[in-house]
Structure formats: structure tokens, C-alpha cells
Undergrad: 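This is the structure I want to talk about, given as C-alpha cells.
Here, residue 1 is the first one in the sequence, and each next residue gets the next number. Model, not experiment: these values are computed from the prediction. Hydrogens, waters and symmetry mates play no part in the numbers below; they use all other heavy atoms, side chains included.
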Amino acid sequence: MMEPEKIDSAGTKRGCFFGDFVYHRTLMPKPYKLSALEGKVIAIDGPAGSGKSTTARLLAAKLGFTYLDTGAMYRSVALFALRHDVSVDDARALEAIALKVDIGFRMVGDANRVFLNEEDVTEAIRSPEVTKAVSPVSAQAGVRKAMVYRQRQMARKGNVVAEGRDTTSVVFPEADIKIYLDASLETRARRRLIEYSRKGVQTTLEEQLAELTTRDKYDSNRSNSPLTRTRDSMLLDTTDLTIDEQVDRILKLVKARVSSP
Ligand code: DC
């Protein structure tokens with residue numbers, strides 16, 4: 001029997017891979033499907049900079065799953081509020097925004113793009129201003145309720161890799177596979193520094209250490225759905241791992257879990 005081919009996230013063939021994966025030529029760039037995973041939800045939580053987004057995106061591409069970036073949804077609400085001069089403390093106005101705006105994800109080529117009222121805001125939601133505003137916005141109970149409802153709707157058919165702060169605890173408590181990613185504060189700050197410098201944003205390691213410390217505190221101590229590691233989440237410390245190694249470890253965890261449930 002021929003070995004299935006290994007395809008990276010860009011759709012490039014790179015030798016063989018897990019024997020359990022079936023290569024679907026027509027589904028490129030989502031080349032693998034593990035039949036035992038059909039309809040399942042994989043939830044990944046962890047602090048900012050732990051590598052959740054990149055890991056979840058690559059994992060979803062390898063499994064042929066939809067990537068649900070819940071942070072992007074909170075960022076979209078924060079962006080809308082900033083653009084319309086709505087205070088990050090105005091609970092009622094923020095809830096109204098969260099209920100009203102249209103937020104969606106669409107694959108454009110092999111990129112998962114974020115749309116706010118049909119406008120592509122993929123880059124705009126990553127600005128330092130939005131990053132600052134999103135913590136208080138996401139702490140609002142009304143905003144969270146609206147987002148959690150939408151996230152469950154989006155994942156109702158399964159085949160989803162969801163990633164955020166409360167996907168293992170609140171949004172998908174029944175998720176089939178739960179993973180908590182973590183990394184040291186310094187590693188996370190260095191990753192953020194590289195990310196910003198790629199975008200041409202000037203910042204320093206000290207600023208990133210301070211910003212992450214503030215965000216960690218905010219995300220972990222808020223009364224609504226604080227960031228927490230559930231007892232049934234598998235912990236993966238990514239401090240000394242590359243993104244490829246992270247994805248590889250999770251694929252192995254997923255494979256082990258579905259072969260011995
Ligand atoms: O993962 P991120 O940096 O894009 O998340 C942006 C913010 O949204 C972050 O401050 C925490 C918040 N968030 C949340 O409260 N719940 C989620 N499920 C995802 C993100």
C-alpha cells in the first residue's frame with residue numbers, strides 16, 4: 001500500500017506521515033482526515049503568546065477542520081467600539097455591539113480571514129490599540145454571552161479547532177479533546193516582540209513583559225470566565241518548542257486520544 005504523503009500548511013508535499021491519516025487530494029490545503037475524529041471539537045486555551053493561534057490554525061489545516069479563533073471575535077467587538085467611540089466600560093453599548101455586528105471567518109487562499117460586517121479586518125484587529133482595548137471589552141458579561149452563543153453555533157457540526165481563553169471551560173465543556181498551552185512569560189514576550197517587528201510596530205521587550213503581565217492578570221482574575229486550566233485539559237508547555245514541534249506533539253496527543261478514548 002502506498003504511504004500517505006505529508007503536506008505542510010502551504011500544501012507542499014513532504015514525505016510520509018501518520019498512517020492513520022487519509023490524504024484527500026481534493027481537499028487541499030486541508031489534506032488529512034482522521035475518520036475517528038469526524039464531528040469532533042478540539043479546544044485549546046492558554047495565555048497570550050503561548051502559541052495558541054498559530055498552533056490551532058496549523059492543526060486545523062492538517063486535520064481538515066475549521067479554525068475558530070475566538071479571540072478574533074472579541075477583537076472585532078473591540079475594534080467596532082473604538083471606531084464608534086464607545087467606552088470599553090460601557091457594558092450596555094458593548095453588549096449591543098456584540099449582539100448586532102456580523103462576525104465571520106472565511107478562507108481566502110489558505111488564509112483564515114476575519115470579517116466584521118463584511119469588511120476584512122484581519123490586520124486591523126491586531127493593532128496595539130485593539131490589543132489594549134480587548135481585555136476590558138472581553139470581560140463584559142453581555143459581550144461574552146453573545147460571543148459564546150455564536151461560537152457554539154459555529155461549531156455545532158463539529159470538525160472544529162477552537163482556541164481562546166474559555167473554550168475548554170465554558171464554550172465547549174464537552175469538547176472531545178482539550179489542550180492547555182503555556183510558556184514562560186519571557187518566551188511569550190519575545191514571541192510578541194518578533195510578531196510586532198514583522199508588522200513594523202516599534203516596541204521593546206520590557207513593554208511586552210509589562211503588557212503580558214497586565215493581560216495575564218486581567219484574563220485570569222476577571223469574574224466572567226477567567227482563563228483557567230480545566231482538570232481534563234492536557235497541558236503542553238511550549239517554552240522550548242518550535243511551532244512545528246508544538247503541532248506535532250498535539251497531533252500525537254490527538255491520535256493517542258482517539259485510538260484509546
Ligand atoms: O487570543 P487573543 O490575544 O486574540 O485574545 C484577545 C483577547 O480576548 C484577550 O485579552 C482575551 C480575550 N479572549 C477571551 O476573553 N476569551 C476568549 N475565548 C478568547 C479571547
Side-chain angles (χ1 to χ4, degrees), residues 9 44 46-58 60-61 66-140 142-144 146-151 153-154 160-167 171 188-189 191-204 207-208 210-212 214-216 218-219 227 243:
S9 60
I44 305 177
S50 57
K52 293 184 308 290
S53 308
T54 316
T55 306
R57 181 170 47 78
L58 292 175
T66 301
Y67 164 41
L68 179 53
D69 178 355
T70 61
M73 298 173 71
Y74 289 99
R75 284 174 179 273
S76 299
V77 174
L79 175 66
F80 191 95
L82 286 176
R83 284 178 173 177
H84 292 82
D85 288 326
V86 171
S87 161
V88 296
D89 300 319
D90 189 338
R92 286 180 72 144
L94 291 170
E95 180 177 2
I97 293 171
L99 288 167
K100 196 178 69 183
V101 290
D102 185 43
I103 302 171
F105 298 95
R106 248 175 261 159
M107 289 305 287
V108 179
D110 60 0
N112 190 34
R113 313 281 306 174
V114 188
F115 289 81
L116 171 62
N117 291 338
E118 292 301 312
E119 175 194 348
D120 186 337
V121 292
T122 312
E123 276 80 33
I125 59 167
R126 305 278 158 202
S127 72
E129 295 74 30
V130 172
T131 298
K132 222 182 197 115
V134 68
S135 276
V137 167
S138 65
Q140 298 288 350
V143 172
R144 300 206 71 82
M147 292 299 113
V148 168
Y149 177 78
R150 287 170 184 235
Q151 289 153 14
Q153 285 293 107
M154 287 174 175
V160 162
V161 179
E163 162 265 303
R165 302 294 189 288
D166 63 346
T167 65
V171 191
R188 294 189 286 126
R191 288 176 185 165
R192 280 283 135 118
L193 203 59
I194 295 169
E195 205 176 295
Y196 276 129
S197 99
R198 277 201 196 115
K199 291 181 196 159
V201 177
Q202 294 279 337
T203 179
T204 63
E207 278 172 358
Q208 287 313 305
E211 194 180 304
L212 281 177
T214 309
R215 283 183 72 191
D216 284 355
Y218 212 109
D219 293 344
L227 169 66
I243 287 292

Undergrad: Where do Met154 and Thr66 land on the side-chain contact (heavy atoms from CB on, under 4.5 Å) test, with the steps shown first?
TA: CA-CA 9 Å; Met154 287 174 175; Thr66 301; over 6 Å; no
Undergrad: If you take all heavy atoms of Gly164 and Thr70, which pair is closest and at what distance?
TA: CA-OG1, 3.3 Å
Undergrad: With rounding to the nearest 0.5 Å, note down the distance linking CG in Leu94 to CG in Leu99.
TA: 11.0 Å
Undergrad: Hey, mind stepping through Tyr67 and Met107 against side-chain contact (heavy atoms from CB on, under 4.5 Å) and telling me if it holds?
TA: CA-CA 10 Å; Tyr67 164 41; Met107 289 305 287; over 6 Å; no
Undergrad: For residues Ala98 and Val143, report the shortest heavy-atom separation together with the two atoms involved.
TA: CB-CA, 3.9 Å
Undergrad: Between Ser50 and Pro47, is there a donor-acceptor pair closer than 3.5 Å when you use the side chain of the first and the backbone of the second?
TA: yes
Undergrad: Under 4.5 Å between any side-chain heavy atoms of Ile125 and Leu116, yes or no?
TA: no
Undergrad: With respect to Ser76, which candidate in Val134, Val121, Val130, Val101 satisfies the side chain to side chain contact (heavy atoms under 4.5 Å, CB included) definition?
TA: Val121
Undergrad: Between Glu195 and Arg192, is there a side-chain N and carboxylate O pair less than 4.0 Å apart?
TA: yes
Undergrad: Output the distance between atom CD (Glu207) and atom CD (Gln202), rounded to the nearest 0.5 Å.
TA: 9.5 Å
Undergrad: Looking at Glu211 and Arg188, does any basic side-chain N land under 4.0 Å from a carboxylate oxygen?
TA: no
Undergrad: For the atom pair OG1 (Thr167) and NZ (Lys52), what is the distance rounded to the nearest 0.5 Å?
TA: 9.0 Å
Undergrad: Kindly determine whether Gln208 and Thr203 satisfy side-chain contact (heavy atoms from CB on, under 4.5 Å), including the steps that lead there.
TA: CA-CA 7 Å; Gln208 287 313 305; Thr203 179; 3.0 Å; yes
Undergrad: Could you give the distance from CD (Glu129) to CG (Leu79), rounded to the nearest 0.5 Å?
TA: 10.0 Å
Undergrad: Taking Ser138's backbone N and O only, do any of them form a donor-acceptor pair with Arg144's side chain (distance below 3.5 Å, no angle check)?
TA: yes
Undergrad: Can you measure from CG (Leu227) to CG (Asp216) and round to the nearest 0.5 angstrom?
TA: 7.5 Å
Undergrad: Which of these, Arg75, Arg126, Arg165, sits in a salt bridge (charged side-chain N to carboxylate O under 4.0 Å, His left out) with Asp69?
TA: Arg126
Undergrad: Checking the side chain of Thr122 only, and the main-chain atoms of Val114 only, is there a donor and an acceptor separated by less than 3.5 Å?
TA: yes
Undergrad: Considering only heavy atoms from C-beta outward, does the side chain of Glu163 approach that of Leu68 to under 4.5 Å?
TA: no
Undergrad: What I want to find out is whether Glu123 reaches Arg113 closely enough, with some N-O distance under 4.0 Å, to be called a salt bridge.
TA: yes
Undergrad: Atom CD1 of Ile97 and atom CD1 of Ile103: how far apart are they, to the nearest 0.5 Å?
TA: 10.0 Å
Undergrad: Taking all non-hydrogen atoms of both residues into account, name the closest pair between Phe105 and Ala72 and its distance.
TA: CE2-CB, 4.0 Å
Undergrad: How far apart are the closest heavy atoms of Arg191 and Gly51, and which atoms are they?
TA: NH1-N, 4.0 Å
Undergrad: Verify, without hydrogens or angle tests, whether Arg106 (side chain) and Asp120 (backbone) share a donor-acceptor contact under 3.5 angstrom.
TA: no
Undergrad: I'd like to check Val171 versus Met147 (side-chain heavy atoms, cut-off strictly below 4.5 Å). Are they in contact?
TA: no
Undergrad: Minimum heavy-atom separation for Asp219 and Ser135, please, with both atom names.
TA: OD1-OG, 3.5 Å
